[in-house]
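Input: a single structure, listed below in structure tokens.
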Amino acid sequence: MATEVKIPAMGESITTGIIATWQVQDGDSVEAGQILFELETDKVTSEATAEVSGVISLKAEEGDEVEIGQVVAEIDESAADTPKKTAPTEEAAPAEASSAAEAAPSGDKPISPAVRRIASETGIDPSTVPGTGKDGRVTKGDMLAAEKAPTFAPAPVPTPAALATPPASQAAPTGERVTRKKMTALRRKIAERLVSSQQTAAILSTFNEVDMSAVMKFRKTHQEAFVAKHGIKLGFMSFFVKAVVNALKEIPNINAQIEGDEMVMNHYYDIGVAIGTDRGLVVPVVRDCDALSFAGIENAIKDYAKKGQAGKITIDDMQGGVFTISNGGTYGSLLSTPIINPPQSGILGMHSIQQRPVAVNGQVEIRPMMYLALSYDHRIVDGKEAVTFLVKIKEAIEDPTRLLFDL
């Protein structure tokens, strides 16, 4: 009896993915719950596990683009009790020992190709990393988290041969002025979605600037008490999330989306917050922001940041947002035009805070200023609505007490 291994559903907006890495080989014996492959989509990388035990037959290769529901392997359950390999001969013994050592360093639990790759790139010994996978196995996310840790086991001393031959990915051909490397599957999918967004939506951007003096003073005044009570610092993002919620209530068309010839009006406030990770930008969603406190929003963002660095953000974390906030200012961006995250109708771009001279009551003062950008779908949002939306955010940030009174 053979059980089909299919590409699992990843959310309504995802129809295809890329098989990034097979963790098993054709003909291997697998156990129920064992990781079979890593699937990359434009939103997230996930691991697929075996539902039954048996011998696996692969139907797709690494790098193949596959559709949701497509059969990529079969597991023969009738062969579940068959030994993985026959006893090695004397000639095969060294090779078998070498293979076993690669799969399970120091006789420990087996590790996946992805873990071995990260280990070779970073010098982190997987045996020193606490495993969160099945039976305590070290996962790719565990290795990424260990890489971010302040300290870790030192890399093994390279052999003279290794020093003499640089890795192929780093070695540039002699005399060549350019080198080429293949785009990752994830980067290709991101590129496709960004181009699709610009081709299918009438994207327009409007700008404004906001004086951050009041928010900065508010944080300075209440930061110590806030940390003492909630155990987390009060950041800028919670102010902007609350300001966006208030503005969406005033301009409901920005909290809507187009489906065919209909406008779907959303009456909830799940806000996507863009977070940078080693694998690229991800946009997890903070749910029901209208009902959350400032501390609730800060904690949700902090939890997502930890999951993002560990590579553990799931597709469910990124589904269902009605609006997105992207803070390019953390990287030093002064001004940009963010691209809408389909099927949403708007995205707010935050930028660097800079001390600039501005006119205040007829006098020139130096104030901490930030440029704001709103990109919106002009098919559903008029220019007046977009400008008003951004003004509402500006008013809320320059007078945070408005947020307390829902003004």
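The chain is numbered in sequence order, starting from 1. Values reported hereafter were calculated over all heavy atoms of this structure, with side chains retained and with hydrogens, waters and symmetry mates removed. The structure displayed is predicted, hence computed values, not measured ones.
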Heavy-atom check, side chain of [X] versus side chain of [Y], under 4.5 Å:
X: Lys233; Y: Gln223; answer: yes
X: Glu250; Y: Asn246; answer: no
X: Ile56; Y: Leu36; answer: yes
X: Leu248; Y: Pro252; answer: no
X: Ile19; Y: Val72; answer: yes
X: Lys59; Y: Glu4; answer: no
X: Ile325; Y: Ile347; answer: no
X: Tyr304; Y: Val286; answer: yes

Using atom types as modelled and distance alone, determine if a side-chain donor or acceptor of [X] lies under 3.5 Å from a backbone N or O of [Y].
X: Lys242; Y: Leu292; answer: yes
X: Asp28; Y: Gln25; answer: yes
X: Asn255; Y: Tyr268; answer: yes
X: Thr200; Y: Ser196; answer: yes
X: Asn299; Y: Ala295; answer: yes
X: Ser345; Y: Ala256; answer: yes
X: Ser375; Y: Pro338; answer: yes
X: Glu62; Y: Trp22; answer: yes
X: Asp270; Y: Asp288; answer: yes
X: Asp211; Y: Ser213; answer: yes

Rounded to the nearest 0.5 Å, what's the gap from [atom1] on [X] to [atom2] on [Y]? Could you check?
X: Thr3; Y: Lys6; atom1: OG1; atom2: NZ; value: 11.0 Å
X: Ile232; Y: Ile297; atom1: CD1; atom2: CD1; value: 11.0 Å
X: Gln70; Y: Asp64; atom1: CD; atom2: CG; value: 8.0 Å
X: Phe236; Y: Met212; atom1: CZ; atom2: CE; value: 4.5 Å
X: Leu204; Y: Arg379; atom1: CG; atom2: CZ; value: 13.0 Å
X: Ile203; Y: Ser197; atom1: CD1; atom2: OG; value: 4.0 Å

Minimum heavy-atom separation for [X] and [Y], please, with both atom names.
X: Pro342; Y: Ile340; result: CD-O, 3.1 Å
X: Glu67; Y: Ile7; result: O-CB, 3.4 Å
X: Ala50; Y: Glu31; result: CB-O, 3.5 Å
X: Arg219; Y: Phe239; result: CG-CE1, 3.9 Å
X: Leu334; Y: Tyr371; result: O-CD1, 3.5 Å
X: Ala2; Y: Glu74; result: CB-OE1, 4.2 Å

For the pair His378 and Tyr376, name the ring-plane relationship: parallel under 30°, tilted 30 to 60°, perpendicular over 60°.
perpendicular
Fit a plane to each ring of Phe389 and Phe323, take the angle between them on a 0 to 90° scale, and name the class: parallel (under 30°), tilted (30 to 60°) or perpendicular (over 60°).
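Correct class here is tilted.
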Determine whether Asp399 and Thr401 satisfy the following criterion, side chain to side chain donor-acceptor pair (under 3.5 Å), listing intermediate values before the conclusion.
CA-CA 5 Å; Asp399 183 7; Thr401 56; 2.5 Å; yes
For His230 and Phe226, I'd like to know if the aromatic rings sit close, meaning centre-to-centre distance below 6.0 Å.
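Yes, close enough.
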Apply side-chain contact (heavy atoms from CB on, under 4.5 Å) to Met350 and Met237, showing your working.
CA-CA 9 Å; Met350 298 166 55; Met237 189 58 76; 4.0 Å; yes
Would Val24 and Gln34 count as a side-chain contact (heavy atoms from CB on, under 4.5 Å) if you check the C-alpha gap in whole Å, the side-chain angles of each, and the deciding distance to 0.1 Å?
CA-CA 9 Å; Val24 296; Gln34 180 178 342; 3.5 Å; yes
N-O pairing of Arg356 and Glu209 below 4.0 Å:
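A salt bridge links Arg356 with Glu209.
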Is any side-chain N of the basic residue among Glu298 and Lys302 closer than 4.0 Å to the acidic one's carboxylate O?
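Answer for the salt bridge query: no.
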Applying side-chain contact (heavy atoms from CB on, under 4.5 Å), run through Leu372 and His351 and close with a yes or a no.
CA-CA 7 Å; Leu372 298 178; His351 299 91; 5.7 Å; no
Could you walk me through whether Val282 and Met318 pass the side-chain contact (heavy atoms from CB on, under 4.5 Å) test, one step at a time?
CA-CA 8 Å; Val282 294; Met318 297 187 287; 3.9 Å; yes
So for atom NZ, which belongs to Lys394, do other residues, nucleotides or ligands contribute more than 12 heavy atoms lying within a distance under 6.0 Å?
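Above 12, so yes.
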For Glu365, does the CD atom sit with more than 12 other heavy atoms under 6.0 Å from it, leaving out its own atoms?
yes
Intermediate values then yes/no, side chain to side chain donor-acceptor pair (under 3.5 Å), Thr330 and Asn327
CA-CA 6 Å; Thr330 58; Asn327 186 6; 5.0 Å; no
